[in-house]
Undergrad: 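Encoded as structure tokens, here's the structure I'll be asking about.
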Amino acid sequence: MKRMFYLFILLFVVFVNSGLAQTKNLDSLSEKKRNEYLKKEAAKEMKKLYPDFNTKDYYVKIERRKLADNVSVNEKMGYYPARVFYIIIYFKDKHKPQDYYVTVQTWEDTGLVFGIQYKDGRGFLIDPPKK
């Protein structure tokens, strides 16, 4: 009877952990769900910094990017080489996405927003690397 109980606990822990890992990895989600998640998280972070920021006033473009494979540069920054992230770009003119207002960067593997950058170069590092 004890073995059954321990087996049940073990299976439960494995099941819960595998489910959590899947929800954090954005590439495992469908494109529609991933984009909804990215937009929601980016809007939430922008609202923390600027309560008056309204995402409905902007068009949104989402791009998938990867850090450089150059190990020495990324180690100095504290990031893993070739780490994938998403950029959520907010812009006013639908026909000029290069004329953006702000970008929000989110890690692909954790789903956490790690940076916000404005076109004029100002920005915030939200998720600094752990050393």
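Only this structure's heavy atoms are used, side chains among them; waters, hydrogens and symmetry mates stay out.
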Undergrad: Any side-chain heavy-atom pair from Val113 and Gln105 closer than 4.5 angstrom?
TA: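 No. Closest side-chain heavy atoms not under 4.5 Å.
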Undergrad: Lys48: which residues meet the salt bridge (charged side-chain N to carboxylate O under 4.0 Å, His left out) condition with it, sequence neighbours left out?
TA: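 If we apply the salt bridge (charged side-chain N to carboxylate O under 4.0 Å, His left out) test to Lys48, skipping adjacent residues, the hits are Glu45.
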Undergrad: Once rounded to the nearest 0.5 Å, what's the spacing between atom CG of Asp93 and atom OH of Tyr59?
TA: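 It is 7.5 Å, given to the nearest 0.5 Å.
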Undergrad: Heavy-atom count check: over 12 atoms from other residues, nucleotides or ligands less than 6.0 Å from Tyr58 OH?
TA: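 Enclosed: over 12 neighbouring heavy atoms sit under 6.0 Å from OH of Tyr58.
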Undergrad: Which residue, Thr106, Asn35, Thr103, Thr55, forms the side-chain contact (heavy atoms from CB on, under 4.5 Å) with Ile88?
TA: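 Running side-chain contact (heavy atoms from CB on, under 4.5 Å) over Thr106, Asn35, Thr103, Thr55 with Ile88 returns exactly one hit, Thr106.
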Undergrad: So, do Tyr90 and Tyr100 sit near enough that their side-chain heavy atoms are less than 4.5 Å apart?
TA: no
Undergrad: Tell me yes or no: between the side chains of Asp57 and Tyr101, is some donor less than 3.5 Å from an acceptor?
TA: no
Undergrad: Would Lys47 pass as a cation-pi partner of Phe53, given that its NZ or CZ must be under 6.0 Å from the six-membered ring centre and within 45 degrees of the axis?
TA: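 So Lys47 doesn't make the cation-pi contact.
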Undergrad: Do Tyr37 and Leu26 make a side-chain contact, defined as non-hydrogen atoms from C-beta onward lying under 4.5 Å apart?
TA: yes
Undergrad: Once salt bridge (charged side-chain N to carboxylate O under 4.0 Å, His left out) is applied, do any residues pair with Glu63, and if so which ones, sequence neighbours excluded?
TA: Lys61, Arg65
Undergrad: Could you walk me through whether Lys33 and Glu36 pass the salt bridge (charged side-chain N to carboxylate O under 4.0 Å, His left out) check?
TA: CA-CA 5 Å; Lys33 285 184 180 182; Glu36 287 174 8; over 6 Å; no
Undergrad: Can you name the salt bridge (charged side-chain N to carboxylate O under 4.0 Å, His left out) partners of Lys39, sequence neighbours left out?
TA: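 Partners of Lys39 under the salt bridge (charged side-chain N to carboxylate O under 4.0 Å, His left out) test: none.
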Undergrad: Relative to each other, are the rings of Trp107 and Phe114 parallel, tilted or perpendicular (30° and 60° limits)?
TA: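 Geometry flag for Phe114 against Trp107: parallel rings.
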Undergrad: For Asp120, which residues count as a side chain to side chain contact (heavy atoms under 4.5 Å, CB included) partner, sequence neighbours excluded?
TA: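 Partners of Asp120 under the side chain to side chain contact (heavy atoms under 4.5 Å, CB included) test: Tyr118, Arg122.
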Undergrad: With a 4.5 Å cut-off on side-chain heavy-atom distances among I, L, V, M, F, W and Y, is there a chain of contacts connecting Ile62 to Met46?
TA: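 Yes.
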Undergrad: Could you go through Tyr86 and Arg64, starting from their C-alpha distance and side-chain angles, then the distance that decides it, and tell me whether this counts as side chain to side chain contact (heavy atoms under 4.5 Å, CB included)?
TA: CA-CA 5 Å; Tyr86 288 93; Arg64 183 180 190 270; 3.6 Å; yes
Undergrad: Report yes if the side chains of Ile116 and Val102 come closer than 4.5 Å at any heavy-atom pair, otherwise no.
TA: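 The answer is yes, as the side chains (C-beta and beyond) meet within the 4.5 Å cut-off.
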Undergrad: Does Thr110 reach the side chain of Arg83, with side-chain heavy atoms less than 4.5 Å apart?
TA: yes
Undergrad: Checking Gln117 now: which residues fulfil side-chain hydrogen bond (donor to acceptor under 3.5 Å, both in side chains) with it, not counting sequence neighbours?
TA: none
Undergrad: Partners of Lys119 by salt bridge (charged side-chain N to carboxylate O under 4.0 Å, His left out), sequence neighbours excluded?
TA: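 Lys119 satisfies salt bridge (charged side-chain N to carboxylate O under 4.0 Å, His left out) with Asp99 once adjacent residues are dropped.
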